[in-house]
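This report concerns only the one structure given below.
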Amino acid sequence: MYKYFPHTEADIKAMLDRIGVQSLDDLYAEVPESIRFKGDYDLPEAMSELEVRQLFERLGSQNRTLTCFAGAGVYDHYTPAVIPAIVSRSEFLTSYTPYQAEVSQGTLHYIFEYQSMMAELTGMDISNASLYDGSTATAEAVMMCVAASKRGGRVLLSETLDPKVAEVVRTYAHFHGIELDTVRADKGMASRADLEAKLAAGGVAGVVVQQPNYYGVVEDYTGFADSIHAAKALMVVNGVAADLAVLKTPGEWGADIAVGDGQSLGVPMAFGGPYVGYMCCTGKLLRKMPGRIVGMTVDSRGQRAFVLTLQAREQHIRRQKATSNICSNQSLMALFVTVYMALMGKQGVREAAELSYAGAHYLYDRLLETGRFVPAFEGRPFFNEFCLRYDGDVDRLLQHLAAQGIFGGVKVACDTVMMAVTEKRTKEEMDNMVELIRNEG
């Protein structure tokens, strides 16, 4: 009857006897009859390998590939072909937590290289072995602030923080009893005056800002760290990883914790994931950092070796002392961005960022020339993403572009569209979109 169960009838009876029920159906006694499915499952007949491949090819052909000018935290960057070839190797793709250093030197080595690269990219002392994505990394940073603080359990979020990230932080905060407050925005940038007022009220454990912020604006955080530290709080900077090749690093801003998503380091958009969250911090917060940290040492023969130096997840230490439940093979995506950074090198990562910057400013100027747009944040500097107010129906505009094979941006207000440019976008693609907009309606 249960042909996919690996247990014999005697095994099943022994387990049922142990828990005091008569049959497997008794395990579902609390499920109302009215919602139980009693029909036959609509499953296709068995297929050969060839037929299965043909089926998925037909399904895949229904996807439309659009030229992407959308961003809002996920960007259409180039992925060198060598990366998928390496990360799909079985020793990486199926690896588990490297408990035994003796047989896990390859995994530990690339995690160590990832940590080294991310610490350098962010200008921070320490990096962990990655997290799920930028949103949960930010939430983990908020919990770090409270765990490290003796002043209170209140954390301030900049109003210019990505709303999706803020929602994840609110979910974490709700279940950890953390109070959240907002630093108001002033013309697309976090208000220094409002920050000072909120800090003066006391009880603040940390402040989270974003660079570039959700609207693409490059904010000036001069003096923020001094004010935050004077209030005995921690400064968290959420940032797009690739942009740090050109912009001032979180370390240079005086941040205590740097978090964000590493998707911009060559990870495909892939319908939403998997991505990779990075987290770096100052040395004094080392033992508050979630996840794992790999260190380098020497073995009994004096040869270089790698080990799990610190492990703060509940699988390794007492549950009540754990800082995280970040799981094992998330490091596969850390390998992905490690290969990307090693392959591109410092100059390559910087050139990709500079091309993105130049393309965005070219498109920005061309769109203003159409007379259909005005700046949403006049005079505010931006990197590779920007917001413009449109004189027509934004939804209709985006639908018009989509019909022409262009993902034209993200609607962020009733009259405002946000567009992003990466090194993949050509001048011809940008000019084509501008002409389509000029002729729209």
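Nothing here was measured: the structure is a model prediction, and the numbers come from that model.
Asn384 places no side-chain N or O within donor-acceptor distance of the main-chain N or O of Ala420, the cut-off being under 3.5 Å. Checked by atom type and distance alone, the side chain of Arg64 pairs as donor or acceptor with a backbone atom of Ala402 at under 3.5 Å. Remark: the backbone N or O of Val412 is not paired with any side-chain donor or acceptor of Thr416 at under 3.5 angstrom. Remark: side-chain polar atoms of Gln115 are paired, donor with acceptor, to backbone N or O of Val294 under 3.5 angstrom. In terms of modelled atom types and a separation under 3.5 Å, the side chain of Thr370 and the main chain of Arg366 share no donor-acceptor contact. Proximity of a side-chain donor or acceptor of Ser331 to a complementary backbone N or O of Ala334 within less than 3.5 Å is not detected. Panel note: side chain Glu423, backbone Tyr78; a donor-acceptor pair is recorded below 3.5 Å. Checked by atom type and distance alone, the side chain of Asn213 never pairs as donor or acceptor with a backbone atom of Thr160 at under 3.5 Å. With hydrogens and angles ignored, the 3.5 Å screen pairs a side-chain donor or acceptor of Ser264 with a backbone N or O of Ala242. No donor-acceptor pair closer than 3.5 Å links the side chain of Gln105 to the backbone N or O of Ala305.
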After noting the C-alpha distance and the side-chain angles of Arg154 and Lys198, does the key distance pass the side chain to side chain contact (heavy atoms under 4.5 Å, CB included) rule? CA-CA 10 Å; Arg154 185 161 150 258; Lys198 297 284 172 57; 3.9 Å; yes
Could you walk me through whether Val217 and Phe386 pass the side chain to side chain contact (heavy atoms under 4.5 Å, CB included) test, one step at a time? CA-CA 7 Å; Val217 175; Phe386 55 85; over 6 Å; no
Yes or no on side-chain hydrogen bond (donor to acceptor under 3.5 Å, both in side chains) for Tyr214 and Asn238, after CA distance, side-chain angles and deciding distance? CA-CA 10 Å; Tyr214 174 64; Asn238 175 299; over 6 Å; no
Passes side chain to side chain contact (heavy atoms under 4.5 Å, CB included), Ile406 versus Asn432? Steps please. CA-CA 10 Å; Ile406 297 173; Asn432 178 48; 3.9 Å; yes
Given side chain to side chain contact (heavy atoms under 4.5 Å, CB included), test Val52 with Glu49 step by step and report yes or no. CA-CA 5 Å; Val52 170; Glu49 177 188 345; 5.7 Å; no
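Using a 4.5 Å heavy-atom cutoff, the side chains of Arg350 and Lys346 are not in contact. Residues Leu195 and Phe224 meet the side-chain proximity criterion, which asks for heavy atoms closer than 4.5 Å. Side-chain contact between Tyr215 and Glu385 is absent, with no heavy atoms from C-beta onward closer than 4.5 Å. With contacts defined as side-chain heavy-atom distances shorter than 4.5 Å, the pair Ile293/Leu286 qualifies. Side-chain contact between Phe112 and Val307 is absent, with no heavy-atom pair separated by less than 4.5 Å. In this structure, the side chains of Tyr278 and Ser127 stay at 4.5 Å or more apart for every pair of heavy atoms. Taking the side chain as every heavy atom from C-beta outward, Val240 and Phe383 never approach each other to under 4.5 Å. For the pair Leu401 and Phe69, the minimum side-chain heavy-atom distance is 4.5 Å or more.
Nearest heavy-atom pair across Gln263 and Gly73 is OE1-O, 4.1 Å. The minimum heavy-atom distance between Ser88 and Leu93, with the atom names listed, is O-CD2, 3.9 Å. Across Ala255 and Thr282, no two heavy atoms sit closer than the pair O-CG2, 3.9 Å. Summarising the geometry of Gly283 relative to Ile126, their closest heavy-atom pair is CA-CG1, 4.1 Å, with the distance given to 0.1 Å. The two atoms that bring Tyr110 and Leu335 nearest to each other are CE1-CB, 3.5 Å, heavy atoms only. For the residue pair Ser356 and Val421, the shortest heavy atom distance occurs at CB-O, 3.5 Å.
Between atom CE of residue Met118 and atom CD of residue Glu120 there is a gap of 11.0 Å, rounded to the nearest 0.5 Å. Atom OH of Tyr132 and atom CG of Asp261 lie 14.5 Å apart (nearest 0.5 Å). Summarising the geometry, atom SG belonging to Cys145 is positioned 4.0 Å from atom CD1 belonging to Ile257; distances are rounded to the nearest 0.5 Å. How far CD of Gln210 is from OH of Tyr221: 7.5 Å, rounded to the nearest 0.5 Å. Between Leu50 atom CG and Leu55 atom CG the span is 11.5 Å, to the nearest 0.5 Å. The CG atom of Asp133 sits 11.0 Å away from the CE atom of Met333 when rounded to the nearest 0.5 Å.
Salt bridge present: Glu429 and Arg425 bring a charged side-chain N and a carboxylate O closer than 4.0 Å. Between Arg53 and Glu57, none of the side-chain N atoms (NZ, or NE/NH1/NH2) sits under 4.0 Å from a carboxylate O, so this pair counts as no salt bridge.
Other residues, nucleotides and ligands contribute only 12 or fewer heavy atoms inside 6.0 Å of the OH atom of Tyr357. Enclosure of atom CZ in Arg89 is not indicated, since only 12 or fewer non-hydrogen atoms of other residues, nucleotides or ligands lie within 6.0 angstrom.
For the residue pair His109 and Glu113, a side-chain donor N or O sits within less than 3.5 Å of a side-chain acceptor on the partner.
Checking each of Val169, Val209, Val236 against Leu157 for a side-chain contact (heavy atoms from CB on, under 4.5 Å) leaves exactly one that passes, namely Val169.
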